[in-house]
Amino acid sequence: LPPGSCRAFWGWLNAVFNKVDHERIRAVGPDRAASEWLLRCGALVRFQGSPRWQQDYNGLPAGPLGKYRIEAISATDSCIMYRGFDYLDGLEHVADIKLEKCIYIQDECLQRLSETSNLQKSLQQLKIISCGNVTDKGIIALHKLRNLEYLYLSDLPGIREKEKTFRVLQQALPNLELELDLE
């Protein structure tokens, strides 16, 4: 293989994994479809009322539409990317999201997250760790997540204007607990 072609192939494959299938969402419901997307991309989900993280695509519980609701998403080393974020629109119970070492997560993703009306209501905790493409702009965009109670930011070299960025967030979200582990 010529140099670079492997990366190009994985980028293409990851884009395929992130393609939104609206038919599927209608057929199996938003939580099931989003679970399939997240697991395909290497993320984990936890359903309401369960202490266990679901990581096996083939082990996803079957049940009547709407029985299993995603409460938490842990995307570490996953290939989730902007084009898949339509899957998040129908989720009404996600309280906790962790994005760690996600190479495709950039400011537009955080903006999209913040503008998702269901997440504005449900999301309480967000952790963003070692996502090298996130800048101040993406963090400031989170100000629309009006029920966010806890935001943890760590190892984000793209954040250049810490004080200003955090002041903006604290003004928009006075109840937000901000925990930082940044250089």
Side-chain angles (χ1 to χ4, degrees), residues 10-11 13-131 133-134 138 141-142 144-156 179:
W10 285 111
L13 189 65
N14 292 336
V16 170
F17 282 162
N18 279 278
K19 189 174 184 314
V20 177
D21 183 345
H22 294 280
E23 283 296 302
R24 184 76 182 148
I25 295 173
R26 276 194 293 278
V28 300
D31 288 272
R32 173 71 193 213
S35 299
E36 293 171 355
W37 163 59
L38 289 160
L39 267 55
R40 241 191 342 258
C41 291
L44 310 178
V45 297
R46 202 178 69 233
F47 295 112
Q48 250 181 353
S50 169
R52 230 179 69 243
W53 286 96
Q54 197 68 43
Q55 49 189 343
D56 176 15
Y57 185 93
N58 296 314
L60 274 175
L65 219 64
K67 180 176 181 198
Y68 294 96
R69 300 196 167 108
I70 300 176
E71 182 175 67
I73 296 168
S74 178
T76 300
D77 288 314
S78 81
C79 69
I80 60 171
M81 58 176 68
Y82 184 86
R83 70 181 297 188
F85 273 48
D86 284 6
Y87 278 115
L88 299 173
D89 288 341
L91 304 181
E92 296 177 14
H93 304 90
V94 178
D96 189 350
I97 295 177
K98 177 177 163 192
L99 303 170
E100 182 171 5
K101 297 185 199 148
C102 297
I103 58 172
Y104 298 110
I105 293 294
Q106 79 278 55
D107 293 343
E108 292 73 23
C109 298
L110 299 182
Q111 232 161 338
R112 177 76 170 78
L113 209 65
S114 186
E115 285 162 5
T116 303
S117 60
N118 280 328
L119 292 178
Q120 289 174 348
K121 294 184 201 111
S122 69
L123 194 63
Q124 295 167 354
Q125 285 199 34
L126 179 60
K127 296 183 185 105
I128 305 169
I129 303 160
S130 306
C131 295
N133 296 316
V134 168
L142 299 172
K144 293 183 180 165
L145 294 169
R146 58 178 182 270
N147 287 314
L148 199 61
E149 295 167 3
Y150 177 75
L151 177 62
Y152 177 73
L153 303 174
S154 173
D155 183 26
L156 301 171
E179 192 177 333

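Index from 1, following the sequence. The figures that follow rest on heavy atoms only: side chains count, while hydrogens, waters and symmetry mates do not.
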Separation of Asp77 CG from Cys102 SG (nearest 0.5 Å): 7.5 Å
Run the side chain to side chain contact (heavy atoms under 4.5 Å, CB included) check on Arg26 and Arg24 step by step: do they pass? CA-CA 5 Å; Arg26 276 194 293 278; Arg24 184 76 182 148; over 6 Å; no
Treating Thr116 as the side-chain partner and Asp89 as the backbone partner, does any N or O pair qualify as donor plus acceptor under 3.5 Å? no
Under 3.5 Å, is there a donor-acceptor pair between the side chain of Gln125 and the main chain of Ile97? no
pair Leu44-Leu39: side-chain heavy atoms closer than 4.5 Å: no
Can you tell me if Tyr150 and Glu179 form a side-chain donor-acceptor pair at under 3.5 Å? yes
Taking C-beta and beyond as the side chain, do Ser35 and Phe47 meet within less than 4.5 Å on heavy atoms? yes
Are any side-chain N or O atoms of Ser122 and backbone N or O atoms of Asn118, one a donor and one an acceptor, separated by less than 3.5 Å? yes
Does any part of the side chain of Leu123, heavy atoms only, come nearer than 4.5 Å to the side chain of Asn147, both counted from C-beta? no
Nearest 0.5 Å please: distance from the OG atom of Ser78 over to the OH atom of Tyr104. 10.5 Å
To the nearest 0.5 Å, how far apart are CD in Gln124 and CG in Leu151? 13.5 Å
Please work out whether the ring planes of Trp37 and Tyr87 are parallel, tilted or perpendicular, with thresholds of 30° and 60°. parallel
Begin from the C-alpha positions of Lys144 and Gln111 and carry the test side chain to side chain contact (heavy atoms under 4.5 Å, CB included) through to its verdict. CA-CA 9 Å; Lys144 293 183 180 165; Gln111 232 161 338; over 6 Å; no
Please check this pair: side chain of Asp155 against backbone of Ile129, looking for a donor-acceptor N/O pair closer than 3.5 Å. no
Please round to the nearest 0.5 Å and tell me the distance separating atom CG of Leu126 and atom NZ of Lys98. 12.0 Å
Please determine whether a side-chain nitrogen of the Lys or Arg among Arg69 and Glu92 lies less than 4.0 Å from a carboxylate oxygen of the Asp or Glu. no
Are any non-hydrogen side-chain atoms of Leu88 and Ile73 less than 4.5 angstrom apart? yes
When rounded to the nearest 0.5 angstrom, what distance separates CD in Glu36 from CZ in Phe17? 13.0 Å
Side-chain heavy-atom pair Ile128, Leu110 within 4.5 angstrom cut-off: yes
Side-chain heavy atoms of Val134 within contact of Asp107, under 4.5 Å: yes
Value for CD (Glu100) from SG (Cys131), rounded to nearest 0.5 Å, stands at 8.0 Å
Ionic contact status for Glu108 with Arg112, cut-off 4.0 Å: no
